[in-house]
Amino acid sequence: MTLIKTQIGRRAFIKNTSLASGGLVLGFSIFNSCRPKDMETMAIREMPKEWFEINAYLKIGDNGLVTIMSPNPEFGQGVITSMPMIVADELDVAWKDVLVEQANLDAEEYGWQFTGGSQGIRRRWQGLRMAGATAKQMLKEAAAESWQVPVSEISASEGVLSHKGSGNSAGYGEMASLAAQREVPEEVPLKEIKDFTIIGTSKKDVEALKVVTGKPLFGVDYQFEGALVAMAKHPPAFGLKLKSFDDSRVRNMPGIVDVFKIKTLEDDATRGYFDTTAFTELVVIVGKTTWEVMNAKKQLSVDWEPIADSKLTLDRFGTQMEVEVPKGLENTNDHYAQMIKMAAEPGTVARKDGDPAAAFKNAARVIERSYSCPFLAHNCMEPMNFFAHVTDEVVKLAGPLQAPALAEATVAARLGVPVEKIEVELTRMGGGFGRRAYGHYAVEAALISKQVKAPVKLVYDREDDMTFGIYRPSYHATYRAALDENNNLIAFHVKAGGVPETPLFANRFPAGAVDNYLAEQWEINSNITIGAFRAPRSNFMAGVEQAFLDEVAEAAGKDPIEFRLELLNRAKEKPVGERNDYDPERYAGVLKLVRDKSNWNESAPGSYRGVSAYLCHNSYAAHVLDVVLEGDTPKVEKVVCAIDCGIVVNPDAAANMAEGAIVDGIGNAMYGNLSFKDGRPEQSNFDRYRIIRHSEAPKEIKVHFVNNEIDPTGLGEPPFPPVMGALANALYKATGRRVYHQPFISDRPPLVG
Amino acid sequence: MAKINLNINGTTREVDVDPNTPLLWVLRDHLNLFGTKYGCGIAQCGSCTVHLDGVAVRACMVTTAMVGNQEVTTIEGLSENGDHPVQKAWLELDVPQCGYCQTGQIMSAVALLEKNPEPSDAEIEMAMNGNICRCGTYVRIKKAIKLAANS
């Protein structure tokens, strides 16, 4: 038993009567854990007459139902189910008796409500367990006092308290009122991992029924009496800004209420790290319905002009820095030419072990390869949107945000109101992938509402969404490996850079496994805005590093898994340097697991295999990917995946996320591409921006988790980056030709003849 | 603007709109049927899939005037409690991640199974290729369609 100091605020004794009508309400808990076929047979459940709030995370009804708040925003990663599962397990309540609610933004109660960096479960693990364990302890104490027996003799299971000696027992609902009045204990016991009853068992997504029946869940579905619809027109190219607009043709169009311009951030404003936007001046059209506003937007006449070189001040979580924004209309062809030039020059050294120059000079063989990838747009299926209602009394915000506290702070600063006057409701997000950490659209909605003095829903159409910026950067990396005459890897050199940021991780594998190691980087500035995209930087580096290692293994005449395991063993037994940010044993663990589960040495006839493994966001993932040829076209047939992310809270949902990450990885590596011509994105909708589709997805994906008792680490991102490497390696086996440049679909040999 | 009667999910609904308004926006903005989603506006993503007389169409491309007397079925009209066999299969396999595209996926799947109760993998892929899922739940969608076909 682990004792843990409670760090949970004392809650006032609150009777929440909002659901206490006493009427019959369809108990949505029955959908939490039951198969659909059971639904018909389950009775409608009576809601409690009274709720007793034990702490910010949970309240218990007088009939034993428990409502658990899910603190983090949900965008498909399943925390709205898995976070309450953690609370429920420590509380020892039956999952069927749990209702789940999405918490709104409330930093005082819920701390850092952020979806990103695969940190949700990892950062909440202790706190959520404590919330459940504290409530259980208070229930036990209430029972002990009522029955006049020692609290240590009270046991709790599935929402029932009992005392063996006296034969007393009571449901949580019966003790909730007394428990809610107790002082919060100073420390409470946490369960042993072996005693978990809910964590580690698969539970269905608590919102799945609402999803499949089309209930309004998303920001774009948000309803508010009298709400108007707004759309905003931004410059068509990076490097341009608003000059003037003529609204004479649209002012009198049907349903149009107003046309005006907004300035979302003052030029001299210090920007937060997630305040990214290239376009601070927008022309806004407000109207009654979406279609009317869309039509007016097409008719609006706007003139744009070039931007000048400028500087802005960025506050990177306490560190102020000046950022230069260059003028100009950029082109993808120029980007690649510049990157090749930079790659040929020395970069900034980020890490150096041994004497790489001498080792390369004395090598029996040197292998050198270069890789690149384009910009990518996130393309969440639900385009950016946001609701705002700004009044003198209160600013009401609602919509899809990964970092609601940061958006709230920016809105507060821009409107000049204290954050206490702002309410933020968190809606389910139709995808995020990093894009919705950048809440410029919340600021835009708030300014529009303030201007028209009405509740407003700002909506982006797909073209707005795809051309507004905040992309995965375009990267380039050159790798060199030196082999001695016995095919030992004696030196390794990586030089990586990008537009406008470097993707390098200097201390990741194979750093630490090679005596002579050099990591360099460079950057090319740009006015194209970039941002976090599922596994930032790793989403390029993993794939190219793993493709390069495959080629080195081949040159050394070694099996690609054995080759990696040898290096990992070296890093374990005799690591080079001290800053290696991976655990060689866990790394090797996923490789061994995927080797076994895929029957690595026995690939099916006609299928061609590639392997990869990577660590990012504190978790390890390895894939074995099988490609088959349909005519001349390679197709991914099957992927076997092994992941070490510590304890898995909701295994089937976790497998689903890994499956999605694998499909996403194949899709982006094969097809993803956002290119620029004179600053203008050349793809603005799904007719030219290719997203992976049904027929291109693998037929089968098998996900295996390493079974251990390590506290949970990340899962949303780790399985994504290495897919590109496994795919490249399998494509080589299938076609005999290596691919170096994403998207792979257009990395073709030059035409001869 | 014109008053137009639409047969939606078995009920006649009168709307007063420009007849060129796509059915998608009539459903969402005028009839508060939010299950049909906007994703691209050019029939490339399938998020707005509904049925016209049982045939899957993209509601972003169908004007209100084009609907005429045809019966419109949206996700809300598929079943009262989410117990259509396809919805049940989706729940059984816990298909959705973000969920935004899933109503469109389900409507395409239902139209497929009504026409072809036992589709092959290739037939599923062909019928579903117009529906993008950015979360990548394709493998589960295919399994769910097969599960529904067998139930």
Side-chain angles (χ1 to χ4, degrees), chain A residues 35-37 39-40 75-78 202 204-205 207-209 211-218 220-221 223 229 254 289-292 294 379-383 428-433 461-462 652-653 656-657 659-664 667 685-687 691-695 697-701, chain B residues 1 17-18 20-22 25-26 28-30 32-42 44-45 47 74-76 78-79 81-83 87-92 94-103 106 121-122 124-126 128-142:
Chain A
R35 291 169 176 206
K37 64 179 175 341
M39 282 183 211
E40 297 145 21
F75 70 172
Q77 80 281 42
S202 292
K204 306 285 190 201
D205 186 321
E207 285 195 320
L209 183 69
V211 167
V212 304
T213 53
K215 296 287 179 294
L217 283 171
F218 301 92
V220 78
D221 304 333
Q223 297 163 75
V229 176
T289 67
T290 315
W291 180 243
E292 288 167 324
M294 277 182 170
N379 281 323
C380 307
M381 286 312 292
E382 178 198 19
R428 187 180 181 90
M429 288 175 262
F433 310 102
D461 61 26
R462 176 57 58 192
D652 184 57
N656 193 357
M657 189 149 57
E659 292 164 23
I662 289 163
V663 172
D664 193 9
N685 207 323
F686 297 131
D687 52 346
I691 305 267
I692 189 169
R693 291 178 183 270
H694 278 272
S695 61
K699 282 200 165 49
E700 188 183 2
I701 299 174
Chain B
M1 303 293 262
V17 297
D18 172 352
N20 289 321
T21 309
W25 298 113
V26 171
R28 292 186 58 83
D29 281 0
H30 298 268
N32 284 349
L33 293 169
F34 291 101
T36 307
K37 303 299 189 199
Y38 167 84
C40 69
I42 57 166
Q44 291 294 309
C45 79
S47 297
T74 71
I75 189 75
E76 291 89 350
L78 206 54
S79 67
N81 302 310
D83 53 5
Q87 289 169 314
K88 284 163 77 169
W90 245 249
L91 292 170
E92 172 72 26
D94 218 12
V95 171
Q97 288 188 33
C98 89
Y100 191 80
C101 75
Q102 297 294 347
T103 50
I106 289 168
D121 277 12
I124 292 174
E125 287 168 15
M126 189 175 288
M128 300 299 294
N129 240 19
N131 289 79
I132 292 175
C133 173
R134 185 63 187 83
C135 299
T137 63
Y138 297 131
V139 177
R140 283 188 189 224
I141 287 173
K142 193 183 277 175

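Here is how names work: the chains are called A, B, and so on, in the same order as the sequence lines, proteins then strands, and each is numbered from 1.
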Rounded to the nearest 0.5 angstrom, the CG-CD distance for A:Asn656 and B:Gln97 is 4.5 Å
Highest number of heavy-atom pairs under 4.5 Å with chain B among A:Arg462, A:Glu700, A:His694 belongs to A:His694
- prompt: Does any non-hydrogen side-chain atom of B:Phe34 lie less than 4.5 Å from one of A:Val220?
  reply: no
| message | Side chains of A:Asp221 and B:Lys37, heavy atoms from C-beta outward: is any pair under 4.5 Å? | response | yes
Under 4.5 Å to a heavy atom of chain B? For A:Glu207 that would be neither
Separation between CH2 (A:Trp291) and NE2 (B:His30), nearest 0.5 Å, reads 11.5 Å
Okay, A:Gln223 and chain B: the region with an atom under 4.5 Å from a heavy atom over there is side chain
Between B:Gln44 and A:Arg693, the two heavy atoms sitting closest are O-NH2, 2.7 Å
If one checks every heavy atom of A:Val663 against chain B at 4.5 Å, the contacting part turns out to be side chain
Indicate yes or no for a side-chain donor-acceptor contact from B:Asp94 to the backbone of A:Asp652 under 3.5 Å, with no hydrogens or angles considered. no
All heavy atoms of A:Val212 vs all of B:Pro96, minimum pair found to be CG1-CG, 4.3 Å
- Can you say whether the rings of A:Phe218 and B:Tyr100 are parallel (under 30°), tilted (30 to 60°) or perpendicular (over 60°)? perpendicular
query = Counting N and O atoms only, with roles assigned by atom type, does the side chain of A:Asp664 sit under 3.5 Å from a partner on the main chain of B:Cys135, one being a donor and the other an acceptor?
reply = no
Check: How about A:Met381 and B:Ile132: do any of their side-chain heavy atoms sit closer than 4.5 Å?
Finding: yes
For A:Lys699 and B:Val139, the nearest pair of non-hydrogen atoms, with its separation, is O-CG1, 4.0 Å
(message) Any side-chain to backbone donor/acceptor pair from B:Asn129 onto A:Ser695? Under 3.5 Å, distance only.
(response) yes
Cut-off 4.5 Å, heavy atoms of chain A, and the answer for B:Leu78 is neither
When the 4.5 angstrom heavy-atom criterion is applied to B:Thr21 and chain A, the contacting part is both
In terms of heavy-atom contacts, A:Val211 and B:Gln102 come closest through CG1-CB, 4.0 Å
Bottom line for A:Ile692: the part with an atom under 4.5 Å from chain B's heavy atoms is both
Cut-off 4.5 Å, heavy atoms of chain A, and the answer for B:Met1 is side chain
Most heavy-atom pairs under 4.5 Å with chain B, out of A:Ile701, A:Asn685, A:Thr289, belong to A:Asn685
Cut-off 4.5 Å, heavy atoms of chain A, and the answer for B:Val17 is neither
Minimal heavy-atom distance between A:Pro383 and B:Tyr38, with the atoms involved, is CG-CE2, 3.7 Å
* To do: Using atom types as modelled and distance alone, determine if a side-chain donor or acceptor of A:Arg428 lies under 3.5 Å from a backbone N or O of B:Cys98.
  => yes
So, the part of B:Ile141 with a heavy atom under 4.5 Å from chain A: the answer is side chain
dist A:Lys215:NZ -> B:Ile75:CD1 (nearest 0.5 Å) comes out at 9.0 Å
message: Between A:Thr290 and B:Arg28, is there a side-chain heavy-atom distance shorter than 4.5 Å?
response: no
